[in-house]
Amino acid sequence: MFENLSERLSGVFDRLTKQGALSEDDVKTALREVRVALLEADVSLPVARDFVKTVQERATGQAVTKSVTPGQQVVKIVHDALVDTLTGEEDPGKLKIDSPPAPVLMVGLQGGGKTTTTAKLAKRLKEKEGKRVLMASLDVYRPAAMDQLAVLGAQIGVDTLPIVAGQKPVDIARRAKQQATMGGYDVYMLDTAGRLQIDEVLMQEVEDVRDVVKPRETLLVVDGLTGQVAVEVAEEFDRKIGISGVVLTRMDGDGRGGAALSMRAVTGKPIRFVGLGEKMDALETFEPERIAGRILG
Ligand code: GDP
């Protein structure tokens with residue numbers, strides 16, 4: 001059976017260490033395990049390397065407390081270091097939507113879960129924060145995507161901007177802003193078009209929309225199961241558009257959560273929410289503890 005990282009670490013340490021402090025050699029052996037496990041969890045190599053260095057510094061020479069085994073102690077050091085790496089200064093669930101109507105731009109590749117997440121987040125803002133939300137689809141290439149947002153809106157009781165055929169994304173964005181202002185909405189969320197991969201036309205279009213509405217939040221929605229690809233997508237969107245946070249979807253899948261660690265370490269951007277299913281309630285605020293637990297197994 002495949003042992004999880006906690007078991008592997010405990011095993012290595014409990015075999016090795018009988019003395020009172022964690023020796024350098026002991027720590028090195030364990031760290032090899034940590035590195036392999038992180039790579040298996042789809043953490044990128046440079047991030048895994050840096051992380052291992054941090055743990056090495058924290059663990060070497062640390063006195064082993066009587067109440068735990070050395071293995072348990074190292075597991076705790078690794079766990080705490082994971083949580084520290086994943087934790088930012090901000091409160092992930094708190095969006096900057098104080099001055100109404102606050103524009104929220106949703107960006108990402110096609111199929112990442114952008115439209116579903118837009119509706120989930122709108123529902124959350126409505127129910128948890130009592131906000132009046134307007135959603136608008138800017139996906140002029142796929143009428144089905146526009147209809148999808150309208151259907152979800154009706155389902156969750158959140159208004160969507162009426163669809164007008166033949167308008168450009170920036171014009172729809174302007175219309176959304178106008179309707180949000182006149183209609184007294186607190187927030188308007190713009191669900192931009194995605195592509196299968198990043199291309200210049202897509203980026204230019206999103207940039208134009210950004211310049212028109214000046215979003216308070218720009219959230220990148222990416223499939224958490226795509227690991228390193230998710231991180232590359234985030235870097236690219238951040239470089240071109242500037243993102244304020246990330247939503248990792250499909251975290252209900254069997255991925256090990258390594259993308260979250262790389263995401264934070266590489267882009268420096270906070271993960272705000274995680275998608276945990278297709279249902280409208282399946283969105284949670286990002287919790288470093290949970291992801292750390294998942295990476296450790
Ligand atoms: P978009 O092209 O980025 O707008 O993607 P959609 O919102 O249309 O989502 C694509 C598919 O992924 C749909 O079938 C969604 O129900 C599904 N989906 C979105 N988020 C999640 C999630 O967190 N977990 C799971 N299991 N499915 C999701």
Side-chain angles (χ1 to χ4, degrees), residues 90-108 112-140 142-164 167 169-194 206 209-222 237 241-249 270-286:
E90 66 295 309
D91 174 356
K94 185 130 191 51
L95 298 179
K96 284 198 215 79
I97 44 171
D98 31 16
S99 45
V104 174
L105 195 58
M106 306 295 286
V107 301
K114 193 160 20 67
T115 301
T116 314
T117 304
T118 302
K120 284 177 178 176
L121 198 52
K123 182 171 192 281
R124 183 191 163 94
L125 292 175
K126 175 186 149 190
E127 291 177 359
K128 293 220 158 107
E129 300 187 31
K131 299 284 186 199
R132 279 197 72 209
V133 184
L134 176 70
M135 303 189 292
S137 170
L138 307 190
D139 196 344
V140 296
R142 293 189 309 147
M146 291 194 157
D147 293 340
Q148 186 193 350
L149 191 68
V151 168
L152 292 174
Q155 193 185 317
I156 58 175
V158 168
D159 293 342
T160 46
L161 188 74
I163 298 169
V164 176
Q167 275 198 322
V170 277
D171 295 326
I172 303 175
R174 279 198 192 96
R175 193 156 54 86
K177 183 177 181 176
Q178 195 177 29
Q179 173 140 346
T181 307
M182 300 205 320
Y185 289 91
D186 299 306
V187 180
Y188 63 105
M189 303 182 68
L190 302 175
D191 181 17
T192 60
V206 181
V209 170
R210 177 201 63 195
D211 294 345
V212 165
V213 301
K214 303 192 173 46
R216 296 286 287 144
E217 295 276 0
T218 300
L219 301 179
L220 172 76
V221 181
V222 274
F237 269 90
I241 314 292
I243 58 174
S244 58
V246 177
V247 182
L248 282 182
T249 61
I271 300 166
R272 314 293 287 264
F273 300 97
V274 293
L276 294 166
E278 304 204 21
K279 298 231 170 70
M280 286 294 106
D281 284 325
L283 184 77
E284 287 186 2
T285 308
F286 176 67

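Numbering of residues begins at 1 and proceeds along the displayed sequence. If you're wondering where the values come from, they're calculated on a predicted model, not measured in any experiment.
- Here the straight-line distance linking atom OG1 of T218 with atom CD1 of I243 works out to 8.5 Å at 0.5 Å rounding.
- Atom OG1 of residue T118 and atom CE of residue M135 lie 7.5 Å apart, to the nearest 0.5 angstrom.
- Nearest heavy-atom pair, G194 versus K114, reported as atom, atom and distance to 0.1 Å: N-NZ, 3.7 Å.
- Annotation: the span from D191 atom CG to L121 atom CG amounts to 11.5 Å, rounded to 0.5 Å.
- Taken from CG in D281 to NZ in K120, the straight-line distance is 9.5 Å, to the nearest 0.5 Å.
- Between K123 and E127 a salt bridge is recorded (basic side-chain N to carboxylate O distance below 4.0 Å).
- In terms of heavy atoms, L161 sits closest to A136 at CB-CB, 3.8 Å.
- No cation-pi contact links R272 to F286, judged by a cut-off of 6.0 Å to the six-membered ring centre and 45° from its axis.
- A donor-acceptor contact closer than 3.5 angstrom is absent between the side chains of T192 and R210.
- Between L134 and the choices Q179, M189, K177, the side-chain contact (heavy atoms from CB on, under 4.5 Å) rule is met once, by Q179.
- Interatomic distance, CG of L149 versus CE of M106, reported as 10.0 Å (0.5 Å rounding).
- Nearest heavy-atom pair across V213 and A173 is CG1-CB, 3.9 Å.
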